[in-house]
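The sequence lines fix the lettering, A, B, ..., with proteins before strands; numbering per chain opens at 1. Keep in mind that the numbers below use all heavy atoms, side chains included, and drop hydrogens, waters and symmetry copies.
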Number of protein chains: 2
Amino acid sequence: MEKKKTSPNISKNFMNHNHELCVESSLKDFKQHFIEKELKLTPLRLKVFQLLLKDHRPLGAYQILDLLRKDGFSSTPPIAYRVLDFLIEHGFVHKIKKLNAFVACSHPGNSHSPTFMICRKCEKVAEINEKESGLKFNKETSSEFKIEEAIIEFIGICKNCIKLEVI
Amino acid sequence: MEKKKTSPNISKNFMNHNHELCVESSLKDFKQHFIEKELKLTPLRLKVFQLLLKDHRPLGAYQILDLLRKDGFSSTPPIAYRVLDFLIEHGFVHKIKKLNAFVACSHPGNSHSPTFMICRKCEKVAEINEKESGLKFNKETSSEFKIEEAIIEFIGICKNCIKLEVI
DNA sequence: TAAGTCAATGTTATATTATAACATTACTAC
DNA sequence: GTAGTAATGTTATAATATAACATTGACTTA
């Protein structure tokens with residue numbers, strides 16, 4: 001079977017895909033980064049990341065706490081927020097401001113300023129990196145303000161949900 | 001005196017400027033839009049907008065409530081949130097997600113998807129519109145996802161604060 | 001191996017941001 | 001003047017997040 005290198009698969013998260021493979025690959029990456037960066041991969045950190053890999057839908061901190069509780073973990077707010085802070089700090093997770101919720105990062109390891117597309121219908125989220133988004137701002141802006149961090153979130157409707165609406 | 005039409009004055013909010021004139025002009029615009037759209041300009045709505053015009057710094061809802069209290073207005077949370085919702089709905093105010101805070105709109109009346117620049121040093125905020133920002137995302141992205149709303153916030157350091165740092 | 005250290009997790013309490021639900025007021029239209 | 005309605009007032013509580021301190025457990029090192 002030939003491996004196709006098509007244009008960046010921006011909307012994979014919204015469409016049917018082999019999600020088992022998707023999770024497996026993300027998890028492998030995740031673990032590899034812990035090794036490379038000499039971070040401590042604890043059961044709690046792994047668990048939270050796995051929860052966030054479930055289905056490309058962001059989870060709120062208190063949703064995560066509920067899920068942790070079900071799995072026998074301690075589940076007071078600081079537990080979730082601390083692990084999330086850690087995972088965010090090391091680029092494994094992002095916070096979606098629009099939703100006050102958290103998603104697993106799709107491009108871990110790369111320092112990047114992610115752009116999100118958030119489907120208001122299926123509530124899934126896709127992350128695209130700077131190259132994929134094609135986002136550019138003009139020189140003038142740059143000379144006026146030194147940008148250190150960017151929050152870019154597009155809310156709308158995904159390819160799959162558009163398709164379903166038309167039917 | 002000649003009126004110069006220079007390139008968009010993106011960073012005015014960050015620099016010294018005639019702020020009295022700035023406020024006066026915003027306020028005039030504000031009132032004009034109420035007339036044109038046949039909205040009811042109540043003391044509370046006017047007051048909240050004036051508070052937000054103070055100095056290009058966003059205010060949190062509870063800060064606004066404190067200020068309202070000092071001015072003899074009622075000041076329980078729904079008071080602020082309702083007025084803010086109204087002002088946002090009609091394009092007079094925006095919420096800065098990064099700060100959970102609110103700013104007066106610089107381009108009222110135009111339906112637009114604003115981009116914000118937030119200085120982490122002086123905490124002032126400037127709003128730039130789509131044209132000024134030069135933000136573009138590529139065709140492919142557009143075909144994959146129908147964007148209805150965008151949240152774009154740049155955090156960094158403004159021209160004025162850079163200048164002060166260097167000294 | 002006992003004592004010290006430190007990162008991670010556990011716990012209690014509370015801060016911050018936001019909304020639901022219902023009551024009152026005050027203006028408009030008839 | 002009263003019915004209808006938009007705006008404001010009030011009480012209570014939901015949802016999100018952090019501060020501060022306690023405990024655990026793995027690792028070090030003497």
Side-chain angles (χ1 to χ4, degrees), chain A residues 30-31 34-35 37-52 57-90 92-103 118 123 151 153, chain B residues 30-31 34-35 37-52 57-90 92-103 118 123 151 153:
Chain A
F30 179 73
K31 289 176 181 172
F34 268 79
I35 294 169
K37 297 178 182 170
E38 299 185 324
L39 303 171
K40 199 183 287 185
L41 180 46
T42 65
L44 188 57
R45 287 169 182 173
L46 179 58
K47 186 76 214 172
V48 170
F49 189 73
Q50 285 176 319
L51 293 173
L52 293 175
R57 283 186 181 84
L59 292 175
Y62 284 75
Q63 284 180 283
I64 290 170
L65 285 169
D66 286 345
L67 295 168
L68 287 176
R69 187 173 305 114
K70 283 177 191 157
D71 281 328
F73 287 84
S74 179
S75 57
T76 55
I79 293 290
Y81 285 105
R82 273 192 304 230
V83 172
L84 289 167
D85 283 349
F86 174 89
L87 295 174
I88 289 169
E89 189 188 335
H90 291 93
F92 299 116
V93 164
H94 298 294
K95 179 169 183 181
I96 308 288
K97 293 284 186 182
K98 171 71 181 180
L99 306 172
N100 290 325
F102 304 86
V103 283
I118 306 165
E123 303 182 292
I151 296 170
E153 300 177 8
Chain B
F30 179 73
K31 289 175 181 171
F34 268 80
I35 293 168
K37 297 179 182 168
E38 300 186 322
L39 302 172
K40 198 182 290 183
L41 181 46
T42 65
L44 188 56
R45 287 169 182 174
L46 179 58
K47 187 75 213 174
V48 170
F49 189 73
Q50 285 176 318
L51 292 173
L52 293 175
R57 284 187 180 84
L59 293 175
Y62 284 76
Q63 284 180 282
I64 291 170
L65 286 169
D66 286 345
L67 295 168
L68 287 177
R69 187 173 304 115
K70 284 177 189 159
D71 281 328
F73 287 84
S74 180
S75 57
T76 55
I79 293 290
Y81 284 105
R82 272 192 304 227
V83 173
L84 289 167
D85 283 350
F86 175 90
L87 295 174
I88 289 168
E89 189 189 335
H90 291 93
F92 300 114
V93 164
H94 298 294
K95 178 169 181 181
I96 307 289
K97 293 284 187 182
K98 171 70 182 182
L99 306 172
N100 290 325
F102 304 86
V103 282
I118 306 165
E123 302 182 296
I151 296 170
E153 299 177 8

Exercise. Salt bridge (charged side-chain N to carboxylate O under 4.0 Å, His left out): which pairs involve residues 39-48 of chain B, sequence neighbours left out?
Worked result: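 Output for this query lists Lys47(B)-Asp71(B).
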For this session: Considering only heavy atoms of chain A and a distance under 4.0 Å, specify the first and last nucleotide of DNA chain C in 5' to 3' order that meet this criterion.
Result: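 On DNA chain C, the outermost contacted nucleotides are dA8(C) to dT12(C).
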Pairwise side-chain contact, [X] with [Y], heavy-atom cut-off 4.5 Å (strictly under):
X: Ile96(A); Y: Glu153(A); result: yes
X: Phe73(B); Y: Ile79(B); result: no
X: Leu65(A); Y: Pro77(A); result: yes
X: Leu51(A); Y: Leu68(A); result: yes

For the [atom1] atom of [X] and the [atom2] atom of [Y], what is their distance to the nearest 0.5 Å?
X: Gln50(A); Y: Leu67(A); atom1: CD; atom2: CG; value: 12.0 Å
X: Leu59(B); Y: Phe102(B); atom1: CG; atom2: CZ; value: 10.0 Å
X: Glu123(B); Y: Leu99(B); atom1: CD; atom2: CG; value: 8.0 Å

Atom [atom1] of [X] to atom [atom2] of [N]: distance rounded to whole Å?
X: Leu46(B); N: dT8(D); atom1: CG; atom2: P; result: 11 Å
X: Tyr62(A); N: dT16(D); atom1: OH; atom2: P; result: 8 Å
X: Glu38(A); N: dC27(D); atom1: CD; atom2: C1'; result: 15 Å
X: Ile64(A); N: dA17(D); atom1: CD1; atom2: P; result: 10 Å
X: Asn100(B); N: dA15(D); atom1: CG; atom2: P; result: 17 Å

Exercise. Under the side chain to side chain donor-acceptor pair (under 3.5 Å) rule, what pairs show up with a residue in residues 75-86 of chain A, not counting sequence neighbours?
Worked result: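 Pairs touching residues 75-86 of chain A that pass the test: Arg69(A)-Ser75(A).
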For this session: List for me each residue that meets ring pair (Phe, Tyr, Trp, His ring centres under 6.0 Å) alongside Phe30(B), sequence neighbours excluded, and say none if there are none.
Result: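 Phe30(B): ring pair (Phe, Tyr, Trp, His ring centres under 6.0 Å) contacts with Phe34(B), Phe49(B), Phe92(B).
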For this session: Applying side chain to side chain contact (heavy atoms under 4.5 Å, CB included), run through Leu52(B) and Val103(B) and close with a yes or a no.
Result: CA-CA 6 Å; Leu52(B) 293 175; Val103(B) 282; 6.0 Å; no
Problem set entry | DNA chain C stem ranges, 3 or more consecutive Watson-Crick or G-U pairs under 3.5 angstrom |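 Output for stems: C:1-30 with D:1-30.
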For this session: Return the residues of residues 73-88 of chain A meeting this criterion: a heavy atom under 4.0 Å from some atom of DNA chain C. Order them by number, or give none.
Result: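 Within residues 73-88 of chain A, the residues near DNA chain C are Ser74(A), Thr76(A), Pro78(A), Ile79(A), Arg82(A).
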For this session: Could you say whether Leu39(B) or Lys95(A) is positioned toward the 5' end of DNA chain D, judged by the nucleotide with the nearest heavy atom to each?
Result: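 Final value for this comparison: Leu39(B).
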